[in-house]
Amino acid sequence: MRRNDMAVLGLSAEEEKVYRHFLREPDSDPATVPERLELERPVVDEAVQRLCGIGLLRTDARPGMLSPADPETAVARLTELRLRALYREIQLITQSRHLLDALRAETGVPLPTPRGIEQLSDWTQVRSRIDDLAFFARHDILSVEPRLEIPPEQLAHTRELNIRSLRRGVRLRHVVVRACLEDPATVEYLGELVSRGARVRVADRLAEHILIYDRHAALVPIDPWDTDRGALLAHSSGLVGNLVTLFEKIWDEAESLSVLLREPEITEAPLSEAGRRVLTLMCTAAKDESAARDLGVSVRTYRRYVADVMQRLGAASRAQAALLARERGWI
């Protein structure tokens with residue numbers, strides 16, 4: 001690593017120099033650092049204060065001594081801080097654009113949109129662009145949803161697009177906040193996504209609201225909690241790349257929804273062949289009428305079979321039943 005490479009992670013040259021010194025000589029006296037590094041003492045004191053504040057240096061058990069964090073911990077911490085700062089910068093850009101638009105009528109001078117960024121002023125525009133992006137997505141869709149409850153209209157729209165994308169073979173990874181699992185409609189929706197092949201994870205806290213298509217276009221709302229205020233659509237490869245990296249960081253720290261929904265291990269025998277057939281039809285048949293015909297029973301009898309299977313699994317919906325059945329290896 002070159003001597004200024006940590007600048008990309010947010011360290012100044014002096015901070016990096018001090019951190020590297022303690023890596024090389026962890027037993028050195030902090031009082032001797034300015035002379036040994038040929039730096040002014042106030043500069044070293046400021047660098048030490050920041051390095052301690054972000055966890056790259058910490059107070060040693062020995063009085064007056066400092067210990068460095070190991071490089072893996074240091075780089076991971078700096079990466080997280082840098083990515084969060086980048087996201088905050090993006091949010092500030094969206095807020096400033098919203099303010100500038102409000103002032104445009106006062107000046108009468110049109111304001112250019114930053115290169116590689118498209119401003120969408122309301123939910124109607126956002127929805128239109130999401131439709132296009134989802135239709136043309138071919139590889140993967142990455143999303144982070146911090147809201148506890150999604151408006152029914154938006155949830156229905158998102159469900160339709162995501163299921164259509166999954167049917168085309170598009171890979172979908174989605175991160176939600178844990179508290180949203182208290183909303184039955186959201187739980188049913190997430191269970192359906194997982195049953196169709198999506199991967200969903202849950203985080204304790206989320207502030208970011210991100211939607212990325214094929215890693216070349218990304219949507220960031222002006223207000224993460226109110227999508228009616230519009231969003232910015234980024235096409236810039238550098239900006240989108242940073243958002244992808246932030247998504248991966250959030251994804252790695254989240255917990256699988258499948259693990260959260262897994263029931264305690266059961267000792268009862270798995271479903272019979274007939275029960276497996278009902279489960280399969282629940283997952284594949286478009287309508288109860290066609291599933292009943294396949295089984296050779298009435299619709300009422302088929303629905304009773306479905307209710308029995310759901311009760312056996314302890315599921316609140318058919319989508320959750322399919323998910324739990326897959327977890328248990330029943331289908």
Please report the shortest heavy-atom distance between [X] and [Y], naming the atom on each side.
X	Y	value
E208	V144	O-CG1, 3.4 Å
V240	R215	CG1-O, 3.4 Å
R178	V202	CA-CG1, 3.3 Å
F22	S28	CE2-OG, 3.9 Å
R205	V177	CA-CG2, 4.2 Å
W251	R201	O-NH1, 2.8 Å

Got a list of side-chain donor-acceptor pairs under 3.5 Å for residues 43-57, not counting sequence neighbours?
residue: R50; atom: NH1; partner: G10; partner atom: O; Å: 3.3
residue: R50; atom: NH1; partner: E15; partner atom: OE1; Å: 2.9

Are the side chains of [Y] and [X] in contact, using a 4.5 Å heavy-atom criterion?
X	Y	value
T158	I150	no
L148	D183	no
I130	H157	yes
V176	T186	no

message: Assess the residue pair I141 and L133 against the criterion (side-chain contact (heavy atoms from CB on, under 4.5 Å)); give the C-alpha distance rounded to whole Å, side-chain angles, the decisive distance to 0.1 Å, and a yes or no.
response: CA-CA 10 Å; I141 299 174; L133 291 166; over 6 Å; no
- prompt: If you draw a 6.0 Å radius around CD in E40, do more than 12 non-hydrogen atoms from other residues or ligands fall strictly inside?
  reply: no
Measuring from [X]:[atom1] to [Y]:[atom2], what's the distance to the nearest 0.5 Å?
X	Y	atom1	atom2	result
L172	L142	CG	CG	8.5 Å
L66	T59	CG	OG1	6.0 Å
Y305	D288	OH	CG	14.0 Å
D140	R138	CG	CZ	13.0 Å
E145	L211	CD	CG	9.5 Å
I250	T245	CD1	OG1	11.0 Å

query: Would a distance-only check, ignoring hydrogens and angles, find a side-chain to backbone donor-acceptor pair under 3.5 Å from S128 to T124?
result: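 Pair absent, no side-chain N/O of S128 close to backbone of T124.
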query: Distance only, no hydrogens: is a donor on one side chain within 3.5 Å (strictly under) of an acceptor on the other, for D29 and T32?
result: no
Salt-bridge contact E153-R127 (side-chain N to carboxylate O under 4.0 Å):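 Judged by the 4.0 Å cut-off on N to carboxylate O distance, E153 and R127 do form a salt bridge.
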query: Can a salt bridge be assigned to the pair E289 and R293 using a cut-off of 4.0 Å between side-chain N and carboxylate O?
result: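 No, no charged N to carboxylate O under 4.0 Å.
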- request: Report the residues that fulfil salt bridge (Lys or Arg N to Asp or Glu O under 4.0 Å) with R159, sequence neighbours left out, ordered by chain and then residue number.
  value: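 Here the qualifying residues are E192.
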task: Consider only side-chain heavy atoms of I, L, V, M, F, W and Y, link residues closer than 4.5 Å, and tell whether L23 and L11 are in one cluster.
output: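 Shared cluster, yes.
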